[in-house]
Chemist: 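Dropping the structure in here first, questions after.
Sequence positions, counted from 1, serve as the residue numbers for this chain. As a basis for the values below, the full set of heavy atoms in this structure was taken, side chains included, without hydrogen atoms, waters or symmetry mates.
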Amino acid sequence: MTEYERSHTMPAPPERVFDRAADVGRMGDWLPAELHVRAEELPAVTVHEDRTDEDTSALLRARRDQMRIEWGTREQGGYAGWLQVAGIDSGASEVTVHLSFFDAGHDPGEEQVTGALDDSLRRLERQVRLCADDAVG
């Protein structure tokens with residue numbers, strides 16, 4: 001098993017960050033560009049990965065009371081992960097994302113995974129900022 005974890009501070013309250021991250025219809029705005037999530041009957045989702053051109057059955061659970069999103073493959077058991085939002089001083093948030101690959105065939109490697117996680121967290125921050133701008137404007 002291989003695990004990766006990255007964190008990023010965002011200048012927004014945890015509720016706003018969580019709501020944007022947990023919106024299945026907008027996950028494509030911040031997830032890696034090669035991953036596409038399609039909701040079925042939640043918690044069931046289908047994840048399409050461009051790299052392999054495969055659809056994978058997965059589960060996705062958003063727990064607002066815990067500010068936590070958890071996901072993982074259903075049949076294959078190839079990977080699982082979570083995203084946790086925590087409030088910090090002055091209305092900002094710390095967002096941590098964690099991935100576990102149980103099957104080496106699903107793990108694209110440390111450089112690619114950590115780069116994708118960092119990019120996704122930056123994209124999520126941009127989406128949170130846009131959401132705040134929309135609320136103000």
Side-chain angles (χ1 to χ4, degrees):
M1 180 169 75
T2 308
E3 298 185 90
Y4 303 98
E5 188 169 295
R6 304 300 274 186
S7 295
H8 187 77
T9 302
M10 298 186 190
E15 296 81 10
R16 184 181 315 150
V17 175
F18 177 83
D19 288 346
R20 192 61 171 209
D23 185 341
V24 176
R26 292 180 177 245
M27 283 184 170
D29 294 340
W30 66 271
L31 285 174
E34 64 275 0
L35 293 179
H36 313 279
V37 177
R38 183 177 67 247
E40 296 172 13
E41 189 172 324
L42 291 175
V45 296
T46 298
V47 179
H48 180 81
E49 185 177 352
D50 291 343
R51 181 175 66 97
T52 60
D53 196 31
E54 293 180 4
D55 287 336
T56 303
S57 296
L59 296 173
L60 175 74
R61 288 188 177 88
R63 298 182 174 157
R64 193 170 200 280
D65 61 325
Q66 298 174 8
M67 295 288 150
R68 186 176 179 94
I69 304 167
E70 299 173 339
W71 62 87
T73 52
R74 287 195 294 196
E75 286 88 30
Q76 300 89 338
Y79 65 88
W82 50 263
L83 181 143
Q84 182 73 52
V85 182
I88 55 177
D89 293 339
S90 68
S93 300
E94 181 78 15
V95 181
T96 301
V97 64
H98 181 98
L99 290 177
S100 300
F101 291 94
F102 306 111
D103 176 355
H106 280 91
D107 182 359
E110 181 176 5
E111 185 176 328
Q112 187 172 349
V113 173
T114 57
L117 292 177
D118 287 339
D119 185 53
S120 291
L121 288 168
R122 285 189 297 269
R123 290 174 68 194
L124 177 58
E125 180 181 3
R126 280 194 296 273
Q127 292 304 310
V128 169
R129 287 178 188 264
L130 286 173
C131 179
D133 291 346
D134 289 347
V136 173

Chemist: Under a 3.5 Å distance rule, please check whether R123 uses its side chain to pair with a backbone N or O of G28 as donor and acceptor.
Modeler: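 Between the backbone of G28 and the side chain of R123 there is a qualifying donor-acceptor contact (under 3.5 Å).
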Chemist: CG/L31 to CZ/R26 distance, rounded to the nearest 0.5 angstrom?
Modeler: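 Taking CG in L31 and CZ in R26, the distance rounds to 13.5 Å.
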Chemist: Nearest 0.5 angstrom please: L99 CG to W82 CH2, how far?
Modeler: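 Going from CG on L99 over to CH2 on W82, the span is 10.0 Å.
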Chemist: Counting N and O atoms only, with roles assigned by atom type, does the side chain of S93 sit under 3.5 Å from a partner on the main chain of A12, one being a donor and the other an acceptor?
Modeler: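 Indeed, once roles are kept as given, a pair shorter than 3.5 Å links the two residues.
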Chemist: Tell me whether the count of non-hydrogen atoms from other residues, nucleotides or ligands lying under 6.0 Å of CG in D65 goes above 12.
Modeler: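 Above 12, so yes.
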Chemist: Under 3.5 Å, side chain of Q127 to main-chain N/O of M27, donor-acceptor pair present?
Modeler: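 Side chain of Q127 to backbone of M27: no pair is present.
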Chemist: Between R126 and D29 (salt bridge meaning N to carboxylate O under 4.0 Å), is one present in this structure?
Modeler: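 No, no charged N to carboxylate O under 4.0 Å.
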Chemist: Would the distance check show the side chain of S100 and the main-chain N or O of E3 forming a donor-acceptor pair, the cut-off being under 3.5 Å?
Modeler: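 No, because the side chain of S100 does not come within donor-acceptor range (under 3.5 Å) of the backbone of E3.
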Chemist: Could you pull out all residues at least two apart from E94 that satisfy side-chain hydrogen bond (donor to acceptor under 3.5 Å, both in side chains)?
Modeler: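 Scan of E94 (side-chain hydrogen bond (donor to acceptor under 3.5 Å, both in side chains), adjacent residues dropped) gives T9.
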Chemist: Could you measure the distance from the CD atom of E15 to the CZ atom of R20? Nearest 0.5 Å is fine.
Modeler: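 Between atom CD of E15 and atom CZ of R20 there are 16.0 Å.
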Chemist: Just how far is it from atom CE of M67 to atom CG of L83, taken to the nearest 0.5 Å?
Modeler: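 Rounded to the nearest 0.5 Å, the CE-CG separation comes to 11.5 Å.
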Chemist: Atom CG in L124, atom CG in D119: separation rounded to 0.5 Å?
Modeler: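 It is 11.5 Å, given to the nearest 0.5 Å.
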Chemist: Is V97 reachable from I88 through a run of hydrophobic residues whose side-chain heavy atoms are each under 4.5 Å from the next?
Modeler: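 The answer is no; the residues belong to distinct hydrophobic clusters.
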Chemist: How far apart are the closest heavy atoms of G87 and P14, and which atoms are they?
Modeler: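 Reported closest heavy-atom pair: CA-CG, 3.7 Å.
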Chemist: How far apart are the closest heavy atoms of I69 and W71, and which atoms are they?
Modeler: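 Heavy atoms only, the tightest pair is O-CZ3, 3.7 Å.
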Chemist: Which pair of non-hydrogen atoms, one from G78 and one from T73, has the smallest distance, and what is that distance?
Modeler: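 Looking at all heavy atoms of both residues, the shortest contact is N-OG1, 2.9 Å.
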Chemist: Where do E49 and E54 land on the side chain to side chain contact (heavy atoms under 4.5 Å, CB included) test, with the steps shown first?
Modeler: CA-CA 6 Å; E49 185 177 352; E54 293 180 4; 5.6 Å; no
Chemist: Here's a test for you: under side-chain contact (heavy atoms from CB on, under 4.5 Å), which of L35, V37, D53 qualifies with H48?
Modeler: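 Per the side-chain contact (heavy atoms from CB on, under 4.5 Å) rule, the option paired with H48 is D53, out of L35, V37, D53.
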Chemist: Which residues pass the side-chain hydrogen bond (donor to acceptor under 3.5 Å, both in side chains) test with R6, sequence neighbours left out?
Modeler: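 Result, side-chain hydrogen bond (donor to acceptor under 3.5 Å, both in side chains) vs R6: D118.
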Chemist: With side chain to side chain contact (heavy atoms under 4.5 Å, CB included) as the criterion, how do F101 and V113 come out once you've worked through the C-alpha distance, each side chain's angles and the decisive distance to 0.1 Å?
Modeler: CA-CA 11 Å; F101 291 94; V113 173; 4.0 Å; yes
Chemist: Between A58 and V47, what is the shortest heavy-atom contact and its length?
Modeler: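 Looking at all heavy atoms of both residues, the shortest contact is CB-CG2, 4.0 Å.
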Chemist: Does any N or O in the side chain of Y79 come within less than 3.5 Å of the main-chain N or O of D107, such that one atom is a donor and the other an acceptor?
Modeler: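 Not confirmed, Y79 side chain does not pair with D107 backbone.
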Chemist: So, taking the atom named CZ in R61 and the one named CZ in R68, what distance separates them when rounded to the nearest 0.5 Å?
Modeler: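 The CZ atom of R68 is 12.5 Å from CZ of R61, to the nearest 0.5 Å.
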Chemist: For a quick test of reading the model, state the closest non-hydrogen atom pair linking F102 to M1 and the distance between them.
Modeler: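 So the two residues come closest at CE2-SD, 3.1 Å.
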Chemist: Quick one: which residue pairs count as a side-chain hydrogen bond (donor to acceptor under 3.5 Å, both in side chains) with a foot in residues 31-46, not counting sequence neighbours?
Modeler: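 Non-adjacent pairs meeting side-chain hydrogen bond (donor to acceptor under 3.5 Å, both in side chains): H36-D50, E40-T46.
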Chemist: Taking C-beta and beyond as the side chain, do D19 and R64 meet within less than 4.5 Å on heavy atoms?
Modeler: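 With C-beta onward as the side chain, the pair touches.
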Chemist: Is any side-chain heavy atom of V95 closer than 4.5 Å to one of F18?
Modeler: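 Contact flag for F18/V95 side chains = no.
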